[in-house]
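All of these numbers come straight from a predicted model, not from anything done at the bench. Just the heavy atoms: all of them, side chains too, but no hydrogens, waters or symmetry mates, feed the values below.
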Amino acid sequence: MNVQTWTFLLVAASFALYIGIAVWSRASSTKEFYVAGGGVSPLANGMATAADWMSAASFISMAGLISFMGYDGSVYLMGWTGGYVLLALLLAPYLRKYGAFTVPDFVGDRYYSQLARIVAVVCAIFVSFTYVAGQMRGVGIVFGRFLEVDVNVGVGIGMAIVFFYAVLGGMKGITYTQVAQYCVLIFAFLVPAIFLSLMITGTPIPQFGLGGVEQASGMPLLERLNGLHRELGFGPYTSGTKSTLDVFFITAALMVGTAGLPHVIIRFYTVPRVRDARISVGWALLFISLLYTTAPAVAVFARTNLINSVQDVPYSEVPEWFTKWEDTGLLAFNDANGDGRIQYVGPESSMTNELTVDRDIMVLANPEIANLPAWVIGLVAAGGLAAALSTAAGLLLVISSAVSHDLLKRSFMPEINEKQELLAARAAAGVAVIVAGYFGMNPPGFVAQVVAFAFGLAASSFFPAIILGIFSKRTTREGAILGMVSGITFTAAYIVYFNFVNPEANNAANWWFGISPEGIGTVGMLLNFAVTIVVSRMTPEPPAQVQVLVDLIRVPRGAGEAHELSI
C-alpha cells in the first residue's frame, strides 16, 4: 500500500477510536463536563496531561525549530519541561485543594470580585485562542500533505472531529480520548526516531544516536553536521546566536507560561485528592520526557537528511516527497542562477539560497526523506493529528467553561440550572471551534512561534495572580486586577507590534533590551508582579474570610488547628 492509503487507514482508525471513547464517556452533568467528575486516576490524568500539553508545537514544530536553530532551539526544551517543576511545587496541589472548576473560578473567589473573575475569563480566552491557532495550523499541515487536500479543508476536518468529542464528552470525554491520543502520538514519534537512529548511527536508541557516529562518514554525527553547516554558509549547529539575556527571558517565559496555562491547570481538578495532583505531575513529566529527550535527536537526523538529499541535486531528479510538499506551499524552489540544481545555503555563502523550507514540515517530512516504510509515514501523520487535536480539545474546553460557568453561571445569569449551564457550555464549545478554525486557516505565525506567544501571555497574566493568591494573604483584588491587565496588555502589545504592525523591525537591534517577542512574557510577568504588589500595599487588605481561605489552601490539613492553639 502507498503512503496515502496507509495514512487514510491509520488516521481513520485513530479518529474512530477517539469518537468511540467520546460516546462511551460522554458527560451527563456539569461536573463531568468541567472536571470529568473529579475521579480520574493519577496515571490516566498524567497521560492525559502529557497529551494535553504536548501539542502540535511539541510533535510537529519543536524538532523542526531545533533542526533549523540548532543550539538556540534548546530554550524550548528547557522552558517547556521546566514549567512542570513549577506546576508540581507551586500550583497543582494547592489549586486541587481549593477544588474549583476553572482558573477564573479561583481568581474570582480568592480576589472576592466579579470584575477579577471577568478579567481572568478574558485572559483565559485570549491565551487559549492564541494557543489553539497553532494547533489548527498543525492539523491543516498534516491533512494538506498526507491526504492531499487543501490546508483549509484539513482544518475543517479537524474542526469537525474536535467539535464532536469536545462538545459531547466535555472534560470526561476529552480526558480518556487524550489517554488514547498520547499512546498514538508517542508511538508515532518514537518509531521513526528509532528507524532513523538505526539507519544513521547504528543504534536503536535515538538519545544515544544523537551523540553517536554517523555510519556513512565515520565521524561523530554532530561534528559532521557542524562541518556541513560551515560548508554551506550556516553557523555551526552546536553554537548559538541568541544573547544570554534573550535565552534567559524566553526560557523563563516558557517555564512560567507552562505553570500559568489554564488548560493544563484545570487537569489537576480532575483527580480525587491533593496527593493525586502531585502524582499526576510526576507521571506527566515521565510521559513528556519520552518525547522531549528524543526531539533533539530527531532534529539532527532531519537536518542531516535534508542537506544530504537536496543539496546540489538537479531539480528534474528530486524525489516524489519533494514535489508532494511543494504542492502544499510549505516547500519551494527558486532557481536563482538558472542552472537547474538546488542550492540550499546559508547567509554567509557566496551563492544565493534557492530552497525555502517551512520548519513545521521537518518532523512530518523526515520519514519520507529517509525513505522509511509507508506505514511509518502514515503513523507520523496520525501522531501529528493526535498531538494537535488533544491540545485543541483542552483549550476549547477552557473557552467553553469560561463562558458558561464563569461568565454566565457565576456572573451574569446565576439563576440558570445545571441543564441550561451544560447546554450553554456545549454551545460555547461549538462557537469556539468555529473561531479556532478561522485562526487555523489564517495563522499569525508558524506553530511553535504562535504557541510561544501563548505561553508569554499566560506568564504575564495568570501566573502572578495565582502565585500571590496562594502565598500572599495581603494581595488585594485591586492589585490582582490591575496586575493582570497591565501584564497581558504590555505583552500582547509588544508581540503585536513586532510581528504584525512593524515586522521589518523584528530583530535584536530594535527589541527592548534585546528581548525577543517570544521572551517578553517574562517582562510582562515582572510588571504584573510589581503592579499587583504595589497596588495591594496601597489598598485595604482583603476581608478576614479571604485570608482564612488562603490559609486553608496553603497549610496542610491539621496545621491550621495547631497554629491557632499556639497563638
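Listed for the Tyr494 side chain is no donor-acceptor partner under 3.5 Å among the backbone atoms of Gly524. A donor-acceptor pair under 3.5 Å is formed between the side chain of Asn510 and the backbone N or O of Ala505. Under the 3.5 Å distance criterion, the side-chain polar atoms of Asn502 are left unmatched by any main-chain donor or acceptor of Tyr497. Using a distance-only test at 3.5 Å, with no hydrogens or angles considered, no donor-acceptor pair links the side chain of Ser61 to the main chain of Asp360. A donor-acceptor pair under 3.5 Å links the side-chain atoms of Asn528 to the main chain of Ser461, judged by distance alone. A donor-acceptor pair under 3.5 Å is absent between the side-chain atoms of Asp52 and the main chain of Ala48, judged by distance alone. At least one donor-acceptor pair under 3.5 Å links the side chain of Ser400 to the backbone N or O of Ala425. A donor-acceptor pair is defined here as one N or O able to donate and one able to accept, closer than 3.5 Å; no such pair exists between the side chain of Gln547 and the backbone of Ala544. Between the Thr489 side chain and the Ser486 main chain, no donor and acceptor come within less than 3.5 Å of each other. A distance-only check finds a donor-acceptor pair linking the side chain of Ser289 to the backbone of Leu286 [under 3.5 Å].
The neighbour count for Phe126 CZ, taken as heavy atoms of other residues, nucleotides or ligands under 6.0 Å away, does not exceed 12.
The only option from Thr270, Val40, Val271, Asn45 that meets the side chain to side chain contact (heavy atoms under 4.5 Å, CB included) definition with Asp276 turns out to be Val271.
When side chains are defined from C-beta on, Thr258 does not count as touching Leu86, because their heavy atoms never get closer than 4.5 Å. When side chains are defined from C-beta on, Val298 counts as touching Phe189, because their heavy atoms get closer than 4.5 Å. Side-chain contact check for Met525 versus Thr491: every heavy-atom pair is 4.5 Å or farther apart. Using a 4.5 Å heavy-atom cutoff, the side chains of Phe462 and Cys123 are in contact. Within the 4.5 Å cutoff, the side chain of Tyr112 has no heavy atoms near those of the Gln545 side chain.
To the nearest 0.5 Å, atom CG of residue Leu77 and atom OG of residue Ser58 are 9.5 Å apart. Note that CE of Met78 is 4.0 Å distant from OG1 of Thr251, once rounded to the nearest 0.5 Å. For the atom pair OG1 of Thr539 and CZ of Arg477, the computed distance is 9.0 Å after rounding to the nearest 0.5 Å. In this structure, the separation between CD1 on Ile118 and CD1 on Ile481 is 9.5 Å, given to the nearest 0.5 Å. Between the CZ atom of Phe529 and the CD1 atom of Ile467 there is a distance of 6.0 Å, given to the nearest 0.5 Å. Residue Arg537 holds its CZ atom at 6.5 Å from OG1 of Thr475, rounded to the nearest 0.5 Å.
Minimum heavy-atom separation, Val363 to Gly64: CG2-N, 4.3 Å. The minimum heavy-atom distance linking Val550 with Gly469 is given by the pair CG2-O, 3.7 Å. Gly521 and Ala459 get closest at one heavy-atom pair: O-CB, 4.2 Å. Taking each heavy atom of Ala253 and Thr522 in turn, the nearest pair found is N-OG1, 2.9 Å. Taking all atoms of both residues into account, the shortest heavy-atom contact from Arg117 to Asp406 is CD-O, 3.4 Å. Across every non-hydrogen atom of Pro542 and Lys473, the tightest pair is CG-O, 3.2 Å.
Side-chain contact check for Ser536 and Glu478: no donor-acceptor pair (N or O, by modelled atom type) lies under 3.5 Å. Counting only N and O atoms by type, the side chains of Arg426 and Ser404 include no donor and acceptor under 3.5 Å apart.
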Test Phe129 against Ile399 for side chain to side chain contact (heavy atoms under 4.5 Å, CB included), laying out the working first.
CA-CA 8 Å; Phe129 272 129; Ile399 297 168; 3.6 Å; yes
Tell me, with the steps shown, if Tyr111 and Leu468 meet side chain to side chain contact (heavy atoms under 4.5 Å, CB included).
CA-CA 10 Å; Tyr111 294 110; Leu468 292 174; 4.1 Å; yes
Yes or no on side chain to side chain contact (heavy atoms under 4.5 Å, CB included) for Leu254 and Glu518, after CA distance, side-chain angles and deciding distance?
CA-CA 8 Å; Leu254 296 177; Glu518 290 85 355; over 6 Å; no
Quick one: do Phe59 and Leu385 satisfy side chain to side chain contact (heavy atoms under 4.5 Å, CB included)? Show the steps, please.
CA-CA 9 Å; Phe59 188 98; Leu385 290 171; over 6 Å; no
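Here Asp72 pairs with nothing under the salt bridge (charged side-chain N to carboxylate O under 4.0 Å, His left out) rule; sequence neighbours left out. Taking Val523 as the reference, Phe249, Phe490, Trp512, Ile515, Ile520 meet the side-chain contact (heavy atoms from CB on, under 4.5 Å) condition, with sequence neighbours excluded. The ring pair (Phe, Tyr, Trp, His ring centres under 6.0 Å) search around Tyr292 returns Trp53, not counting sequence neighbours.
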